Amino acid sequence: MCSIMGYCGSEAAYESFAEGFQETVSRGPDDSRIVDTGDGLLGFHRLSIMGLHPEGMQPFELNGSYVVCNGEIYGFEKMKAELQAKGYPFRSGSDCEILLPLYREYGTEMFGMLDAEYAMILFDGETKEYVAARDPIGIRPLYYGYDKSGTIVFASEAKNLVKLVKQVMPFPPGHYYKNGKFVCYRDIAKAEKICDNDLETVCKNIHDKLVAGVEKRLVADAKVGFLLSGGLDSSLVCAIAASKSDKPIRTFAIGMDIDAIDLKYAKQVADYIGSDHTEVIMTKEEVLDSLEHVIHLLGTYDITTIRASMGMYLCCKYIHEHTDIRVLLTGEISDELFGYKYTDFAPSAAEFQAEAEKRIRELHMYDVLRADRCISVNSLEARVPFGDLDFVQYVMEIDPEKKLNKYGKGKYLLRHAFEGDNILPEEILWREKAAFSDAVGHSMVDDLKAYAECCYSDAEWQEKAAKYTYATPFTKESLLYREIFEKYYPGQAEMVVDFWMPNKNWEGCNVNDPSARVLTNYGDSGK
């Protein structure tokens with residue numbers, strides 16, 4: 001993954017900076033470096049993925065300017081060739097080395113040119129100012145805050161900043177920072193037009209753009225693996241990758257030891273696509289023992305995120321400890337684009353679209369955060385094909401009337417797009433998927449709720465929950481998570497905008513548990 005940090009002022013204290021930066025060394029265990037720009041500090045922890053040689057180590061420097069970037073820039077070779085033709089020298093095979101020459105040529109216009117998932121901090125040696133930017137979805141993390149003198153500090157994770165600034169906030173996706181202001185360069189959630197293609201054309205485009213999104217994410221100088229839950233989204237990513245690979249891909253699935261719903265479906269997919277498949281089994285004891293550590297690494301108190309992170313963290317921990325894989329492809333972001341169980345209750349196409357926009361804009365605080373932290377804390381890199389910018393933009397522009405569940409099956413467009421490929425068994429392609437936190441085993445969520453019940457009497461939880469006026473805990477489970485969060489991130493609850501829950505304003509969605517299990521249309525999901 002890599003970790004970056006920038007203290008954007010000459011009064012930066014090296015020891016305090018280094019102490020905060022050390023909090024995320026697991027994101028980049030291969031090498032670490034902090035440079036003094038002459039007007040502040042830039043730090044980089046490296047996880048070698050592209051350009052594995054020492055020359056690929058950051059910060060990169062060009063005529064007194066410096067940059068650190070945690071990212072993957074797709075198609076960088078063409079840009080690099082154009083910059084070389086203009087006389088810019090390159091020392092490494094790293095995709096991120098093109099950033100300083102790009103900035104010299106195009107300034108802040110460069111951010112809209114990148115097909116990338118990235119977070120970066122740049123020091124302009126000519127103007128002596130700092131510039132920072134983040135990809136339009138926020139797949140790569142970036143946070144910021146101001147120290148007591150008003151100097152801005154950027155870092156990959158909140159835990160880098162909690163001792164340096166008063167309030168930690170997420171850097172807004174699709175924005176850059178310059179001259180003290182955050183400027184939106186791309187709002188990918190907002191459809192600038194509505195695509196009026198017919199259904200078959202829409203599905204063909206979905207198919208081709210997702211295949212392209214997977215293909216470009218298979219390119220790495222390090223070994224690549226795949227998280228496979230047995231549900232539609234991860235199964236499609238794995239099946240596409242398998243069809244493009246000349247040897248079996250490596251897939252990994254996790255489930256509880258007693259009632260894992262998805263393990264059997266993941267194995268069915270693995271057998272069908274011929275992958276080298278590993279099942280990871282977790283127990284109630286492992287889940288409860290890992291809970292505090294997981295909340296610390298996540299930096300959230302959101303119930304949905306924490307539940308879904310337990311299995312993902314333990315699976316990635318296994319991969320880190322037992323394999324030499326460094327990159328993992330995952331199936332996140334499909335739900336927000338195509339709909340999920342609760343969006344079946346959307347009262348209109350306009351409401352569906354508005355909800356999708358909201359979810360895409362907030363994803364960096366929830367599912368995208370979960371994937372990043374669970375994977376990166378285990379010194380791995382996450383790649384998210386459903387987050388491909390071209391793919392997301394196209395799906396957001398599809399007429400929302402076509403995305404409503406009028407077909408008797410959720411995510412119909414995505415399923416129909418791959419119906420003729422035969423890259424998945426029919427029953428997997430058309431299977432209703434359980435929520436990930438339920439699919440690893442209904443008992444896991446039940447164990448977490450039971451544990452929380454034992455931690456507080458009814459009177460205690462009501463008294464303690466009332467102390468939190470922002471995002472007030474509404475169950476004993478949510479109070480437990482909030483108290484652990486406050487232990488590591490005191491007073492930083494506003495980093496998260498709200499609980500990730502169904503839209504309570506819709507009929508059938510006014511529930512007090514985020515699991516889709518409580519919705520009336522859950523039906524055969526998870527069986």
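Counting begins at 1 with the first residue of the sequence. Computed from a predicted structure; not experimentally measured.
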Mind telling me whether [Y] and [X] have parallel, tilted or perpendicular rings, with 30° and 60° as the class edges?
X      : Y      : result
Phe386 : Phe338 : perpendicular
Tyr489 : His296 : tilted
Phe499 : Tyr301 : perpendicular
Phe17  : Phe21  : tilted

If you measure from [atom1] on [X] to [atom2] on [Y], what distance do you get to the nearest 0.5 Å?
X      : Y      : atom1 : atom2 : value
Asp335 : Lys411 : CG    : NZ    : 3.5 Å
Met282 : Met256 : CE    : CE    : 5.5 Å
Phe44  : Asp31  : CZ    : CG    : 9.0 Å
Leu41  : Ile121 : CG    : CD1   : 11.0 Å
Ile295 : Tyr313 : CD1   : OH    : 13.0 Å
Arg46  : Ser3   : CZ    : OG    : 14.5 Å

Side chains of [X] and [Y]: is there a donor and an acceptor less than 3.5 Å apart?
X      : Y      : answer
Tyr481 : Glu477 : yes
Arg27  : Ser376 : yes
Tyr265 : Glu427 : no

Do [X] and [Y] touch side chain to side chain, with heavy atoms closer than 4.5 Å?
X      : Y      : answer
Lys449 : Asp513 : yes
Met312 : Arg373 : no
Asp135 : Leu389 : no
Val368 : Val384 : no
Arg326 : Asp30  : yes
Ser229 : Asp262 : yes
Val269 : Thr251 : no
Ile306 : Leu291 : yes

Minimum heavy-atom distance between [X] and [Y], given as atom pair plus value:
X      : Y      : answer
Ala116 : Ile73  : CB-CA, 3.8 Å
Tyr342 : Cys509 : O-SG, 3.8 Å
His364 : Leu369 : O-CB, 3.3 Å
Val237 : Thr330 : CG2-O, 3.9 Å
Gly56  : Ser94  : CA-CB, 4.2 Å
Gly230 : Arg431 : O-NH1, 3.1 Å

Worksheet entry | Candidate pair Ile333 and Asp367, rule side chain to side chain contact (heavy atoms under 4.5 Å, CB included), full reasoning | CA-CA 8 Å; Ile333 306 183; Asp367 278 13; over 6 Å; no

Item to complete: Before giving the answer on side chain to side chain contact (heavy atoms under 4.5 Å, CB included), spell out for Ser334 and Leu232 the whole-Å C-alpha distance, their side-chain angles and the decisive distance to 0.1 Å.
Response: CA-CA 9 Å; Ser334 174; Leu232 174 66; 5.7 Å; no

Within the side chain of [X], is there an N or O that forms a donor-acceptor pair under 3.5 Å with the backbone of [Y]?
X      : Y      : result
Lys476 : Trp461 : no
Ser379 : Ser26  : yes
Thr475 : Ser478 : yes
Lys504 : Val511 : yes
Arg370 : Thr304 : no
Arg134 : Phe171 : yes

Any salt bridge linking [X] with [Y]? Criterion: basic side-chain nitrogen under 4.0 Å from a carboxylate oxygen.
X      : Y      : result
Glu381 : Arg140 : yes
Arg361 : Glu357 : yes
Lys358 : Glu362 : yes

Worksheet item: So Arg217 and Asp388, salt bridge (charged side-chain N to carboxylate O under 4.0 Å, His left out) or not? Walk me through it.
Response: CA-CA 9 Å; Arg217 285 163 177 79; Asp388 184 79; 3.0 Å; yes

Crowding at [atom1], [X] (>12 non-hydrogen neighbours, <6.0 Å):
X      : atom1 : value
Lys284 : NZ    : no
Glu15  : CD    : no
Glu463 : CD    : no
Lys216 : NZ    : yes

Worksheet item: Which one of Asp324, Ile325, Thr278, Ile254 satisfies the side-chain contact (heavy atoms from CB on, under 4.5 Å) criterion with Ile319?
Response: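 That would be Ile325.
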
Item to complete: Report the C-alpha separation of Phe474 and Ile303 in whole Å, then their side-chain angles, then the decisive distance to 0.1 Å, and conclude whether the side chain to side chain contact (heavy atoms under 4.5 Å, CB included) test is met.
Response: CA-CA 11 Å; Phe474 55 93; Ile303 306 163; 3.5 Å; yes

Worksheet item: After noting the C-alpha distance and the side-chain angles of Tyr456 and Gln462, does the key distance pass the side-chain hydrogen bond (donor to acceptor under 3.5 Å, both in side chains) rule?
Response: CA-CA 9 Å; Tyr456 311 99; Gln462 289 180 351; over 6 Å; no

Discussion item. Lys464 vs Glu460, test: salt bridge (charged side-chain N to carboxylate O under 4.0 Å, His left out). Steps then yes/no.
Written reply: CA-CA 6 Å; Lys464 291 185 175 184; Glu460 280 176 330; 5.4 Å; no

Worksheet item: Taking it one step at a time, do Met5 and Leu164 satisfy side chain to side chain contact (heavy atoms under 4.5 Å, CB included)?
Response: CA-CA 12 Å; Met5 189 167 173; Leu164 294 174; 3.3 Å; yes

Item to complete: Would you please indicate yes or no on a ring centroid separation below 6.0 angstrom for Trp506 and Phe345?
Response: no

Discussion item. Listing request: all side chain to side chain donor-acceptor pair (under 3.5 Å) pairs with a residue in residues 158-169, at least two apart in sequence or in separate chains.
Written reply: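 Counting only pairs at least two positions apart or across chains, the side chain to side chain donor-acceptor pair (under 3.5 Å) contacts touching residues 158-169 are Thr24-Asn160, Glu157-Lys159.
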
Practice prompt. Report the C-alpha distance between Tyr488 and Glu292 in whole Å, list the side-chain angles of each, state the deciding distance to 0.1 Å, and finish with yes or no for side-chain hydrogen bond (donor to acceptor under 3.5 Å, both in side chains).
Written response: CA-CA 10 Å; Tyr488 296 102; Glu292 182 165 337; 2.6 Å; yes

Discussion item. For Tyr468 and Glu486: C-alpha separation, side-chain torsions, deciding distance, then whether side-chain hydrogen bond (donor to acceptor under 3.5 Å, both in side chains) applies.
Written reply: CA-CA 10 Å; Tyr468 302 108; Glu486 293 289 340; 5.4 Å; no

